[in-house]
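Comments concern the structure below.
Both backbone and side-chain heavy atoms feed into the values below; hydrogens, waters and symmetry mates do not.
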Amino acid sequence: MHTKPADQGTAVIEDPVAHLWRGTVALRVVTFLFALGNAIDQHGEYERPWLAWCAIAAMALWSVFTIQAYSRENGRRTWVVVADVLITCGLMSLSRLIMTDAQFLFDVPLITTIWAAGPPVAAGALGGQVAGAVSGFAVGLSTYLTRGELSVDLVRDVVLLSGAGFVVGMASTTARRSAVRLAQALRTEAATAERERLARSIHDGVLQVLARVRKRGTELGGEAAELAELAGEQEVALRSLVAAAPTESTVDGDADLRPALQLLATSRFQVSTPATQVMLPAATAFELTAVVREALSNVDKHAGPDARAWVLLEDLGEEVVISVRDDGPGIAEGRLASAEAEGRMGVAQSIRGRVEALRGTLELQTGPGEGTEWEVRVYR
């Protein structure tokens, strides 16, 4: 993927399948020259030579139009490719009026000959493997209808046309996905570099001030100690924000779960995540973050102001495991059922309901004086 300078400091990114379109243009030129040579060679044998040259002229005009269209990114449109298929099939059908029965008997090439290979390649470059294969089959079907009989050579041509469209389509899909991933990697690299620059700036300024306020306030005691505690919380939150991994998503709609969880860290809540990405469907990552946020909220509400909590994210390949453990007083037996009966649905809906919607499993370990631990497992 190349970038070219543009006005006002912007960059224009070249179509990731531009090389396939250049190949399509070259194929159109070469195949037209072949069709022209075939028409010259068979001129004296055609039943209607004038119609043959009309078809050749139409092919030349359409070739010029498609070459110009396929050479420009704004010319590579669905309607152009569809028209390419239809016009190619229409010109091919003129072979019934142009050629003699003897020419059909001896398998003389149709008036379009290999020029008809262009549309499947263009369809594959534009729409992917399915579009390429369907276009190739359509051109092959037109060949069968024009010749009026099924033969080994005809089946071979259909397979080659569909296969060519499929292969080019696969290459185009792969190229586009690679371009998206490369763009994401470049954005991540830029975001990481900016984050590191900001981290250095913040460390040299804000974090040092907060650390000094926390230390001095603790030494003075009294109301200053309360300010020291608040400064400490803000210091931890700011460090978590700076250290959090850049938010990433993929072309398939997956997102990295780590950044959202890392932002939940405070002076009381510690979050541990793997060094590598934990990619999940974006909706799943959002719901799991909400589960952890609700569990930590319950620690705030019910475990006391001095309770601490630890969040551990594990990527086990086929499943993702999140543990949320606190050192609070624990949950008394029957308390959750009682809260649900009273209409307090925090655990039932915000935690258990979300995990069930994700088709995951939820395990609770708790007891008086033993703290509380939630373990969530979601399968990929």
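- Under the 6.0 Å distance and 45° angle rule, Arg354 does not count as a cation-pi partner of Phe286.
- A distance of 10.5 Å separates CG in Asp326 from CH2 in Trp374, rounded to the nearest 0.5 Å.
- Here the side chain of Arg96 pairs no donor or acceptor atom with the backbone of Leu145 at under 3.5 angstrom.
- In terms of heavy-atom proximity, Ala39 sits nearest to Ile111 at CB-CD1, 4.5 Å.
- Annotation: the span from Cys54 atom SG to Leu97 atom CG amounts to 12.0 Å, rounded to 0.5 Å.
- Here the side chain of Ser297 pairs no donor or acceptor atom with the backbone of Arg293 at under 3.5 angstrom.
- Glu47 CD to Asp101 CG: the interatomic distance, rounded to the nearest 0.5 Å, is 7.5 Å.
- One N or O on the side chain of Arg76 and one on the backbone of Tyr70 form a donor-acceptor pair closer than 3.5 Å.
- Between the Arg377 side chain and the Val321 main chain, no donor and acceptor come within less than 3.5 Å of each other.
- Trp115 and Phe65 fall within the same hydrophobic cluster, defined by Ile, Leu, Val, Met, Phe, Trp and Tyr side-chain heavy atoms under 4.5 Å apart, directly or through other members.
- Contact check for Ile56 versus Phe32: side-chain heavy atoms found under the 4.5 Å cut-off.
- Closest non-hydrogen pair, Met99 versus Phe104, comes out as CB-CE1, 3.7 Å.
- Put simply, CH2 on Trp310 and CZ on Arg268 are 10.5 Å apart, with the number rounded to the nearest 0.5 Å.
- Side-chain N or O atoms of Ser135 include none that pairs as donor or acceptor with a backbone N or O of Gly132 at under 3.5 Å.
- Judged purely by atom type and a 3.5 angstrom limit, Thr113 has no side-chain atom pairing as donor or acceptor with the backbone of Leu110.
- No side-chain heavy atom of Thr276 sits less than 4.5 Å from a side-chain heavy atom of Asp315.
- In terms of modelled atom types and a separation under 3.5 Å, the side chain of Asp256 and the main chain of Val278 share a donor-acceptor contact.
- Remark: Arg359 CZ to Thr361 OG1 distance equals 14.0 Å, nearest 0.5 Å.
- In plain terms, the two heavy atoms of Val271 and Leu264 that are nearest each other are CG2-C, 4.3 Å.
- Asp327 and Arg308 make their closest contact through OD1-N, 2.7 Å (heavy atoms, listed as atom of the first residue, atom of the second, distance).
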Going through the checks in order, is the side-chain contact (heavy atoms from CB on, under 4.5 Å) test met by Leu182 and Ser178?
CA-CA 6 Å; Leu182 177 58; Ser178 298; over 6 Å; no

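- No donor-acceptor pair under 3.5 Å is formed between the side chain of Thr366 and the backbone N or O of Gly330.
- Met92 places a side-chain heavy atom less than 4.5 Å from the side chain of Val139.
- The heavy-atom pair separating Gly140 from Val158 by the smallest distance is CA-CG2, 3.6 Å.
- In this structure, Val376 is not a member of the same hydrophobic cluster as Leu312, with clusters built from ILVMFWY side-chain heavy atoms closer than 4.5 Å.
- Both Leu257 and Leu358 belong to a single network of hydrophobic side chains, linked directly or stepwise wherever heavy atoms of I, L, V, M, F, W or Y lie under 4.5 Å apart.
- Taking CG of Leu27 as the start and CG of Leu20 as the end, the distance is 12.0 Å to the nearest 0.5 Å.
- No side-chain N or O of Gln103 forms a donor-acceptor pair with one of Glu45 less than 3.5 Å apart.
- Ion pairing between a basic and an acidic side chain is recognised when a charged N comes within 4.0 Å of a carboxylate O; Asp84 and Arg28 show such pairing.
- Scanning both residues, Val80 and Trp62, for their nearest heavy atoms gives O-CZ2, 4.0 Å.
- Taken together through direct or relayed side-chain contacts under 4.5 Å among Ile, Leu, Val, Met, Phe, Trp and Tyr, Leu261 and Leu316 form parts of separate hydrophobic clusters.
- Although no hydrogens or angles enter the test, the distance criterion places a donor-acceptor pair under 3.5 Å between the side chain of Ser93 and the main chain of Gly90.
- Cluster annotation: Val30 and Leu61 are assigned to distinct hydrophobic clusters (Ile/Leu/Val/Met/Phe/Trp/Tyr, side-chain heavy-atom contacts under 4.5 Å, transitive).
- Checking side-chain atoms of Thr266 against main-chain N and O of Phe269 turns up a donor-acceptor pair under 3.5 Å.
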Test side-chain contact (heavy atoms from CB on, under 4.5 Å) on Val159 and Phe137; report intermediate values, then the result.
CA-CA 8 Å; Val159 171; Phe137 180 79; over 6 Å; no

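- A donor and an acceptor atom, one from each side chain of Arg176 and Ser172, are located under 3.5 Å apart.
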